[in-house]
Number of protein chains: 2
Amino acid sequence: MSRTVIVDALKRTDFGAEVNIKGWVRTRRGNKNVSFIALNDGSTINNIQVVADNEKFGDEYLKPITTGACISVTGKLVESLGQGQHVEIQAEKIEIYGIADPESYPLQKKGHTMEFLREIAHLRPRTNTFGAVFRVRHNMAMAIHTFFHERGFFYFHTPIITASDCEGAGQMFQVTTMNLYDLKKDETGQIDYSNDFFGKQASLTVSGQLEGELAAMSMGAIYTFGPTFRAENSNTPRHLSEFWMIEPEVAFNEIAENMQLAQDFIQYCVKWALDNCKDDLDFLCNMYDKELIERLNFVVNNDFERVTYTKGVEILEAAIAKGQKFEFPVSWGTDLQSEHERYLVEQHYKKPVILTDYPKEIKSFYMKQNDDGKTVRAMDVLFPKIGEIIGGSQREEDYLKLKTRADEMGVPTKDIWWYLETRKFGTAPHSGFGLGFERLLLFVTGMSNIRDVIPFPRTPNNAEF
Amino acid sequence: MSRTVIVDALKRTDFGAEVNIKGWVRTRRGNKNVSFIALNDGSTINNIQVVADNEKFGDEYLKPITTGACISVTGKLVESLGQGQHVEIQAEKIEIYGIADPESYPLQKKGHTMEFLREIAHLRPRTNTFGAVFRVRHNMAMAIHTFFHERGFFYFHTPIITASDCEGAGQMFQVTTMNLYDLKKDETGQIDYSNDFFGKQASLTVSGQLEGELAAMSMGAIYTFGPTFRAENSNTPRHLSEFWMIEPEVAFNEIAENMQLAQDFIQYCVKWALDNCKDDLDFLCNMYDKELIERLNFVVNNDFERVTYTKGVEILEAAIAKGQKFEFPVSWGTDLQSEHERYLVEQHYKKPVILTDYPKEIKSFYMKQNDDGKTVRAMDVLFPKIGEIIGGSQREEDYLKLKTRADEMGVPTKDIWWYLETRKFGTAPHSGFGLGFERLLLFVTGMSNIRDVIPFPRTPNNAEF
């Protein structure tokens, strides 16, 4: 008979029906007459209770059914009298697929540290916490694709391997097929990359934005959703060497529309989580972050505050004058630190803030220059608890201004002739932003370490699994 | 006033309304009284016609509105008397965002070769062909996510950078942050990878399957959809060095359910294209492949034939006996060539074929061994015109059989201790397969070169853009 997944079985009310369920044993307990097996198959955080008559199956047969074992149970769906469940299965047949020796199975007991669970990342999705996190992760990906699809955006795959590094977003991983024991060099001692796979030096992308802009300038509205890489030696709870990023880019959008898109986008995703991941969020809220659901609801229901960088600095300076202490100084022209961003969000406005019009010196060459000659149309979306969640801007569409600024900032424009050409041929105002997927997940799940919202984190000295 | 995207404007019937549209000029023609501007904004393959009164705007003003220029037009939506369109815009105001100098704009004339268009991959999405292909690409991605989401699968991100190469699927790209001018070596002359970013040698993934199996053995049903890499020096119309792959993996599925899933999956995607990409497919059908839509409908409406490898070889041998010529020989135990696969699909069965139960010698170590001791539960889905589109199998769930086979085949199992452990702890039957996204797109779009269904192809000596 065909299997019923547990998320569906738990919703059934046709008591008396024969069903088959399969899954992994979370616990087995009981008395000398019956065994209660809590079974989970990953479809939901909730287990289904299997009731097995000890005499019917025999103690020897039931003995290997311990935590982590995988079984198939056929039996009768019955109304449950136990707490917290309305159905259970009265087992008629139990097939044991695979045992999990209690002496060696690492997930035997509860209360493992997050550090230990990272070391067994191949097994941690079997825990309540990581099952919940990865189901939410799936749902957020689905929300993202649905949001953009409904609005006529096209999903656009920008390249992972790139021969240009113009975003200057950070250190890059080199990609090569050269034999490192026999590197060919030219007469000046330089490595001869004509021998390498792509005939030139190549790296892993730090952002798909530049290629995304090419697509926006032909298809109108696009978004990327793919892995990006930073080779920085940052061992922090907020950094990964390999992470997923979403980068929408929209022709004809100016900064105000870009801000609205960012707000609509995040609110849509958070609302999706509230609507579709209730059981998982309830668990995470109870276990890790009591204010989680309240915070998610707050973000969905409140407009984000739009504030210029200049105004933000004034607020911070006024706060300092009134006695507020910060570790780092603040004055017009400095890059804001996380403590400053969080003050604006958590103390001053008490809601998400979109900070705009930053000094051009602290932002990238491609951002649209304002008429004041000092600021650019950048925007950062700042969130409670996690700080910057989105960075974006209106893009400079004027060829000469873009080229001049790139040269001033030492960007090697010969590598991005194709990017500059979009400003020569049918240029137009356009805007976009980037959202770190794992930053969004930190916010939505309430987890505190970014290594716990991606299945197999890559960080300095760690590429296991 | 707010912009209307052209795909929506073309559907409107509220003639007389004032609208604003923005886009890139495809052509401008006319007579001494009026100009007809065909405008496209990427939202659809169809242009909207803008009618501009020459006297109203002046010849000088209209002169820079040439192919490739970007303009914003405000005007009245009127019923069109021209052929092939039912609405047009009577221009009241035209703003020129960006010109495209006819002397230097490369997309001036029609009829460029595909090779030339690859060299201007930053502009080719502005052509009808590539606009259509990339809109279909988006739709296929959306179909894939929707198909799995509706069936309770979770999207699971497997790592891109990996320190294990056990699939043995091909040559890999090395990923490093070491200074290649100053490589540290140990006393035996080996490169000391403790200095490298991950503390060991690392590469780009060739498949997410092994990690996907980990997830299936906890979350039940998962799929990956991410970039994969092969560093083979293959300059063919069917190979890319960087391509996207979809890999579902399902606990408790055996080979028959795996076959059904593969069929349902492809049929769902192809039907999505027929239902949602009609204009683009009509164009591609007319331009490149007259039988395209017929072929797509055929795949949607016919069961795939299930045939064992052994039976397939018998059919081929019988065909040879009757005079059928092949370049490569066929006998039980040999890997089938494309010509053989296509014979089975196009000549013999005249429908998609799922070939199963291959000799274990020509398949991977992780495939479930049949009781005959000779074959494994592999399955390849073979398609008309393109050959193998899916490869998959039921996985070996028995620890000892898996370990023995891995050792026999020289797989370094110490690198995949975590993979083997899933067979120690709660093992279960499970199955999965891999679909090359660009292979699917070749089939759905009718394009003949795989470099033309991905925005920025990476191939030997080519990582431009």
Side-chain angles (χ1 to χ4, degrees), chain A residues 3 5 22 24 41-43 68-70 97-98 100 105 122 125-126 134-135 138 141-142 145 149 152 154-157 159-163 173-177 180 183 191 197-199 202 211 214-215 218-220 227 231 242 244 252 418 421 425-428 455-456 458 460-461 463 465, chain B residues 3 5 22 24 41-43 68-70 97-98 100 105 122 125-126 134-135 138 141-142 145 149 152 154-157 159-161 163 173-177 180 183 191 197-199 202 211 214-215 218-220 227 231 242 244 252 418 421 425-428 455-456 458 460-463 465:
Chain A
R3 167 188 172 221
V5 292
K22 302 173 197 288
W24 291 270
D41 65 3
S43 63
C70 188
Y97 284 135
Y105 185 57
H122 61 311
R126 297 186 186 184
F134 296 142
R135 279 186 297 270
H138 160 75
M142 199 63 210
H145 285 296
H149 181 68
F154 301 108
Y155 182 31
F156 193 78
H157 286 126
I160 311 300
I161 297 173
T162 174
F173 290 101
Q174 184 167 358
V175 174
T176 182
T177 55
L180 300 190
L183 287 168
I191 290 169
F197 191 88
F198 297 108
E211 290 90 350
L214 307 180
S218 49
M219 304 183 69
E242 171 181 315
W244 287 68
F252 313 118
W418 39 269
E421 274 202 356
F425 303 128
T427 192
F456 303 101
R458 268 70 183 107
N461 285 310
F465 306 105
Chain B
R3 167 189 172 222
V5 292
K22 302 174 197 288
W24 291 270
D41 65 3
S43 63
C70 187
Y97 284 135
Y105 185 57
H122 61 311
R126 297 187 186 184
F134 296 143
R135 280 186 296 271
H138 159 75
M142 198 64 209
H145 285 296
H149 181 69
F154 301 108
Y155 182 32
F156 193 79
H157 285 126
I160 311 299
I161 298 173
F173 290 101
Q174 182 167 1
V175 174
T176 183
T177 55
L180 300 191
L183 287 169
I191 289 170
F197 191 88
F198 296 108
E211 291 90 351
L214 307 180
S218 49
M219 304 184 69
E242 171 182 314
W244 287 68
F252 312 118
W418 38 269
E421 276 202 353
F425 303 129
T427 191
F456 303 102
R458 269 68 182 110
N461 285 310
N462 177 32
F465 306 104

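Just the heavy atoms: all of them, side chains too, but no hydrogens, waters or symmetry mates, feed the values below. This structure is a prediction, so every number in the text was calculated from the model and none was measured. So you know, we letter chains A, B, ... as the sequences are listed, proteins then strands, and number each from 1.
- Contact annotation for Pro227(B): only side-chain heavy atoms (C-beta onward) come within less than 4.5 Å of a heavy atom of chain A.
- Residue Glu242(A) touches chain B through its side chain alone, counting heavy-atom pairs closer than 4.5 Å.
- Looking at Arg3(B), the atoms closer than 4.5 Å to chain A (heavy atoms on both sides) all sit in the side chain, from C-beta outward.
- Summarising the geometry, atom CD belonging to Glu421(A) is positioned 3.5 Å from atom NE2 belonging to His122(B); distances are rounded to the nearest 0.5 Å.
- Comparing Gly98(B), Gly199(B), Gly152(B), Ala428(B) by heavy-atom pairs within less than 4.5 Å of chain A, the highest count is held by Gly98(B).
- Put simply, of Gly68(A), Ala141(A), Pro460(A), the one with the most heavy-atom pairs under 4.5 Å next to chain B is Pro460(A).
- Taking Ser218(B), Ala69(B), Ala100(B) one by one and counting their heavy-atom pairs under 4.5 Å with chain A, the maximum is reached by Ser218(B).
- Here Ile161(B) is the residue among Thr177(B), Val175(B), Ile161(B), Asn462(B) with the most heavy-atom pairs under 4.5 Å with chain A.
- Neither the backbone nor the side chain of Ala202(B) comes within contact range of chain A; no heavy atoms are under 4.5 Å apart.
- The residue among Thr176(A), Asp41(A), Ile160(A) with the most heavy atom pairs within less than 4.5 Å of chain B is Ile160(A).
- Residue Trp24(B) touches chain A through its side chain alone, counting heavy-atom pairs closer than 4.5 Å.
- Using a 4.5 Å cut-off between heavy atoms, Ser43(A) contacts chain B through its backbone alone, with no side-chain atom that close.
- Separation of the Phe134(B) and Phe154(A) ring centroids does not fall under the 6.0 Å cut-off.
- Of the residues considered (Phe173(B), Phe197(B), Tyr155(B), Tyr97(B)), Phe197(B) shows the highest number of contacts with chain A, using heavy-atom pairs under 4.5 Å.
- Counting heavy-atom pairs closer than 4.5 Å to chain A, the top-ranked of the candidates Pro159(B), Ala463(B), Pro125(B) is Pro159(B).
- Neither the backbone nor the side chain of Ala215(A) comes within less than 4.5 Å of any heavy atom of chain B.
- Residues Phe425(A) and Arg126(B) come closest through the heavy atom pair O-NH1, 3.0 Å.
- Of the listed residues (Gly426(A), Cys70(A), Pro455(A)), the greatest number of heavy-atom pairs within a distance under 4.5 Å of chain B belongs to Gly426(A).
- Between His149(B) and His138(A), the gap from one ring centroid to the other is short of 6.0 Å.
- Considering only heavy atoms from C-beta on, Phe456(B) stays 4.5 Å or farther from His157(A) through its side chain.
- For Leu183(A), the part sitting under 4.5 Å from any heavy atom of chain B is the side chain, from C-beta outward, and nothing else.
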